[in-house]
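See below for the structure under consideration.
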Amino acid sequence: MPTAPPQPPEPTYYYSQLDQIQGADGVWDLDYRLPEVQKYATFKPDDKVIDLGCAEGLITMDIAPKVRHIRGVELRPQRVEAAQQIAAERGIDNISFEVGSVTTLELETRSYDVVLFLGVFQHLSREDKWVSMAKVLSATRRSVILRTPLFHPKNPYRTTRLAELCQQMNFTLTIYPRQETRGGSFMIATRL
Ligand SMILES: C[S@@+](CC[C@H](N)C(=O)[O-])C[C@H]1O[C@@H](n2cnc3c(N)ncnc32)[C@H](O)[C@@H]1O
């Protein structure tokens, strides 16, 4: 059986390496991702938002001025510390960051207007993926902004399954495909 090529270790600070990991189409950096989130998502001044897997919170901080409150949750403590420090330096006060995992985080039903779930779904184990996705949809009042590869060689039905789950839970799923050299495509699940 062919073995998977060795993967580079996860950097301590995720965004510190973004300039080195541009995709072959040359647009896969933060300058590209931020406008994409803003283009596809609608934020309202009274919104309560959560950003799951926020890394050092650069996208989280960009959205903060548009909403009432945004909460960032991230698995790696060093990234959370960096996010808290940057937010303090920038004087952003409607934001909070904490260490946590989307797999164990308790989320109340319909507790957030918008959930950002960007670049995380694909990293979850097979067991955790669908339970977490259902929990994320359930926690959402309006929309989930998801970024994940549309397909995986071992699971060609990933997007189909996602569409089915959205349908079962009364969401529409809109997909914005891109050439996925890295990071995936944007999808918006909107509550009907
Ligand atoms: C590819 S980065 C994306 C960062 C950011 N959301 C963005 O789009 O730029 C994925 C982040 O999710 C975090 N992560 C991975 N699994 C997680 C989990 N189970 N719960 C919370 N965060 C997780 C990683 O540590 C990493 O910082």
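Just so you know, ligand 1 is whichever comes first in the structure, and atom 1 is the first atom listed for that ligand.
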Which ligand 1 atoms are under 4.0 Å away from a heavy-atom of [X]?
X    : answer
R147 : 7 (C), 8 (O)
A55  : 4 (C), 27 (O)
L124 : 19 (N)
R76  : 25 (O)
E74  : 11 (C), 12 (O), 13 (C), 24 (C), 25 (O), 26 (C), 27 (O)
G100 : 20 (N), 21 (C)
I59  : 7 (C), 8 (O), 9 (O)
R79  : 24 (C), 25 (O), 26 (C), 27 (O)

Could you check which of S101, G57, G119 puts a non-hydrogen atom nearest to atom 10 (C) of ligand 1? G119
Can you tell which of T60, L34, L75 gets a heavy atom nearest to atom 16 (N) of ligand 1? L75
Salt-bridged, [X] to [Y], with N to O below 4.0 Å?
X   : Y    : result
E36 : K39  : yes
D46 : R68  : yes
D47 : R142 : yes

Using a 6.0 Å distance limit plus a 45 degree cone around the ring axis, check whether K48 lies over the aromatic ring of Y112. yes
Is the closest N or O pair between V73 and ligand 1 shorter than 3.5 Å? no
Could you grab the distance from atom NZ of K66 to atom CD of Q38, nearest 0.5 Å is fine? 4.0 Å
Counting distance only, does the side-chain N/O of E74 pair as donor-acceptor with the main-chain N or O of R76 below 3.5 Å? yes
Check: T140 side chain, S143 main-chain N or O, donor-acceptor pair, under 3.5 Å: no
Proximity of L58 to ligand 1 by residue part, where a heavy atom lies under 4.0 Å: neither
Decide side chain to side chain donor-acceptor pair (under 3.5 Å) for E164 and Q168; before the verdict, give the C-alpha distance in whole Å, the side-chain angles of both, and the deciding distance to 0.1 Å. CA-CA 6 Å; E164 284 169 354; Q168 283 162 17; 5.6 Å; no
From CA spacing to verdict: side chain to side chain donor-acceptor pair (under 3.5 Å), Q78, T12: CA-CA 7 Å; Q78 295 100 326; T12 305; 5.1 Å; no
Please determine whether any non-hydrogen atom of V120 lies less than 4.0 Å from an atom of ligand 1. yes
